[in-house]
Peer 1: 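This is the structure I have questions about; it appears just below.
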Amino acid sequence: MEPTTIAIDLAKRVFQIHFVDSATGAIHSKVLKRAQLVPFFANRPASRVVMEACGSAHHWARVLARLGHDVRLIAAQFVRPFVKSNKNDAADAAAIWEAAQRPGMRFVAVKTEDQQAMLALHRIRQQLVRIRVMQVNQLRGLLYEFGIVLPQGRRASIEAAKTALASVADKLPAMLAESLQDQLSRLRALDEQIARIEQRILEWRRNGEECRRISEIPGVGVLTATAAVSVIGQAKTFRSGREFAAYLGLVPRQNSSGGKVKLGGISKRGDVYLRTLLIHGARSVISASKHLPERLRTLLTRRPTNVVAVALANKMARTIWALLAYGRTYQSPPAQ
């Protein structure tokens, strides 16, 4: 007998449940408070629980999986077409249940706590880096108004700003000089925070066998390896390396009809952060390697560098999936 499929529309305090009784065919739709959710599922036989892959979905997936249920997560864009008429909690839960019945539906892998923690570190670091860039740019602009031109580059700019403030401190208004010194102190604090986070990421990479294996791929560094392992979750969730590359938005967007295939630029779907890391890694391979494969050198003569970088990032994504899905180690291609 097929297990009952139960759909949950997640929220902070109120959860909407939708399921169909397999014995009677009756449709059940009920509201549960946060404290009632776990007891409700603890007292039910093993069921297939489906949720939208949104905030707190991975947490509740782990909780319900420990109760013996088969938990599936569905991407939000695959649920939206099944919402009937107006949007509300009951309609959303019914749409999640309806989407789960589709035979070709694709599901999101449930992440472990370690994988989610690593992604959280990446997000914190990304935000701190953005704030640091904003602070440096503001410092450059403020000093430029007083005739001080800082060089390009973050470190060079900060060192030049220190020297400039020490030499012209008596010429600037006291309130501005003190505020600029505070800005430099904030930049030092940001550098220390980012360094501590990067050290934690490096330790996780050293202790992770999967991270060490995919780090052997040219262009895959510490950040890319740890982010890839955390984002992909379970590699076998994707049927192929191309499906993983498509998930990251590294394949052409299609607009085909009537047997005519029309391909555009890359779709840019999926995880923007990991796609950016892969493309930057591909650019570093192209710019730093003196002995590029013949195939890649030929491609560079025919296509722009950015197009080649995206193609190489696509190949890197496929290679990462193959190493994680089949437990293999990276082998460098033979020299040409």
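Counting begins at 1 with the first residue of the sequence.
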Peer 1: Is it the case that H122 and R125 place a side-chain donor and acceptor less than 3.5 Å from each other?
Peer 2: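 No, no side-chain donor-acceptor contact under 3.5 Å.
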Peer 1: Spell out, as yes or no, whether a donor-acceptor pair under 3.5 Å connects the side chain of T237 to the backbone of G233.
Peer 2: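 No, T237 side chain to G233 backbone: no donor-acceptor pair under 3.5 Å.
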Peer 1: Roughly how far apart are L248 CG and R269 CZ, rounded to 0.5 Å?
Peer 2: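 Going from the CG atom of L248 to the CZ atom of R269 covers 12.5 Å.
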Peer 1: Ignoring hydrogens and angles, tell me if any N or O in the side chain of S230 forms a donor-acceptor pair with the backbone of A227 under 3.5 Å.
Peer 2: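 No; judged by distance alone, with no hydrogens or angles, the pair does not exist.
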Peer 1: Is it true that E98 and R102 have a side-chain N and a carboxylate O under 4.0 angstrom from each other?
Peer 2: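 Answer for the salt bridge query: yes.
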Peer 1: Is the backbone of P39 close enough, under 3.5 Å, to the side chain of N43 for a donor and an acceptor to pair up by distance?
Peer 2: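 Yes; judged by distance alone, with no hydrogens or angles, the pair exists.
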Peer 1: What pair of heavy atoms forms the shortest contact from R283 to A309, and how long is it?
Peer 2: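 Closest approach of R283 to A309: CG-CB, 3.8 Å.
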Peer 1: Does the pair R186/D191 count as a salt bridge with the N-to-O cut at 4.0 Å?
Peer 2: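 So R186 does not pair with D191 through a salt bridge.
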Peer 1: Check step by step if side chain to side chain contact (heavy atoms under 4.5 Å, CB included) holds for L150 and L143.
Peer 2: CA-CA 8 Å; L150 299 182; L143 290 177; 4.0 Å; yes
Peer 1: Regarding R154 and S157, do their side chains bring together a donor and an acceptor under 3.5 Å, going by distance alone?
Peer 2: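 Side-chain D/A pair, R154 to S157: absent.
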Peer 1: Under 3.5 Å, side chain of H58 to main-chain N/O of K111, donor-acceptor pair present?
Peer 2: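 At least one qualifying donor-acceptor pair exists.
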Peer 1: Return the OG1 to CD1 distance between T226 and I214, rounded to the nearest 0.5 Å.
Peer 2: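 Answer rounded to 0.5 Å: 8.0 Å.
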Peer 1: Begin from the C-alpha positions of V251 and R242 and carry the test side chain to side chain contact (heavy atoms under 4.5 Å, CB included) through to its verdict.
Peer 2: CA-CA 8 Å; V251 297; R242 190 194 183 283; 4.2 Å; yes
Peer 1: Does the S47 side chain pair with the main chain of P3, one donor and one acceptor, at a distance under 3.5 Å?
Peer 2: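 Side chain of S47 to backbone of P3: no pair is present.
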Peer 1: Is the centre of the W60 ring less than 6.0 Å from the centre of the F15 ring?
Peer 2: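 Between W60 and F15, the centre distance is under 6.0 Å.
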Peer 1: Hey, is the main chain of S179 close enough, under 3.5 Å, to the side chain of Q183 for a donor-acceptor pair?
Peer 2: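 Absent.
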Peer 1: Under a 3.5 Å threshold, yes or no: a donor from one side chain and an acceptor from the other, between R205 and S215?
Peer 2: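 Looking only at side-chain atoms, S215 and R205 do form a donor-acceptor pair, the distance falling under 3.5 Å.
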Peer 1: Output the distance between atom CD1 (I17) and atom NE2 (H28), rounded to the nearest 0.5 Å.
Peer 2: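 Here the rounded value is 12.5 Å.
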Peer 1: If I compare all heavy atoms of T5 with all of V50, which pair ends up nearest, and what's the gap?
Peer 2: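 So the minimum-distance heavy-atom pair works out to CG2-CG2, 4.1 Å.
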Peer 1: Nearest heavy-atom pair of S284 and G219: which atoms, and what distance?
Peer 2: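 Result for this residue pair: OG-CA, 4.4 Å.
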Peer 1: Under a single-linkage definition using a 4.5 Å side-chain heavy-atom cutoff for Ile, Leu, Val, Met, Phe, Trp and Tyr, are I124 and L223 assigned to the same hydrophobic cluster?
Peer 2: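 Yes; L223 is reachable from I124 via cluster members.
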Peer 1: Tell me if a side-chain donor or acceptor on R253 pairs with a main-chain N or O of S267 at a distance below 3.5 Å.
Peer 2: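 Here the side-chain-to-backbone pair exists.
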Peer 1: Please give me the minimum heavy-atom distance between A42 and L67, naming the atom from each residue.
Peer 2: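 Answer, listing the atom of A42 first, then L67: N-CD1, 4.0 Å.
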Peer 1: For the residue pair L250 and A317, what are the closest heavy atoms and their distance?
Peer 2: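 In this case the closest contact between L250 and A317 is CD1-CB, 4.2 Å.
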Peer 1: Check V108 against I74 and note the closest heavy-atom contact, atom names and distance.
Peer 2: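 Of all heavy-atom pairs spanning V108 and I74, the closest is CG2-C, 4.5 Å.
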Peer 1: Rounded to the nearest 0.5 Å, what separates atom CZ in F40 from atom CG in L32?
Peer 2: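 Between atom CZ of F40 and atom CG of L32 there are 6.0 Å.
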Peer 1: Does the plane of the ring in Y247 sit parallel, tilted or perpendicular to the ring in F238? Use 30° and 60° as the thresholds.
Peer 2: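 Tilted, since the angle between the ring planes falls between 30° and 60°.
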Peer 1: Assess whether a salt bridge exists between E203 and R206, defined as any Lys/Arg side-chain N lying under 4.0 Å from an Asp/Glu carboxylate O.
Peer 2: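 Yes.
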Peer 1: Looking at F41, is R44 sitting on its ring face, NZ or CZ under 6.0 Å from the six-membered ring centre and within 45 degrees of the normal?
Peer 2: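 R44 over F41 ring: no.
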Peer 1: Taking D271 first and then R123, would you say they form a salt bridge - that is, a charged N and a carboxylate O separated by under 4.0 Å?
Peer 2: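 Salt bridge flag = yes for R123 with D271.
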Peer 1: Just how far is it from atom CD1 of I217 to atom OG1 of T319, taken to the nearest 0.5 Å?
Peer 2: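 So the gap between those two atoms works out to 5.5 Å.
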Peer 1: Between the side chains of E209 and R213, is the shortest nitrogen-to-carboxylate-oxygen separation below 4.0 Å, so that they form an ion pair?
Peer 2: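 Yes.
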Peer 1: Do S29 and Q16 have side-chain N/O donor and acceptor atoms under 3.5 Å apart?
Peer 2: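 Yes - a donor-acceptor pair under 3.5 Å links their side chains.
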Peer 1: Rounded to the nearest 0.5 Å, what's the gap from CD on E192 to CG on L187? Could you check?
Peer 2: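 One finds 11.5 Å between CD of E192 and CG of L187.
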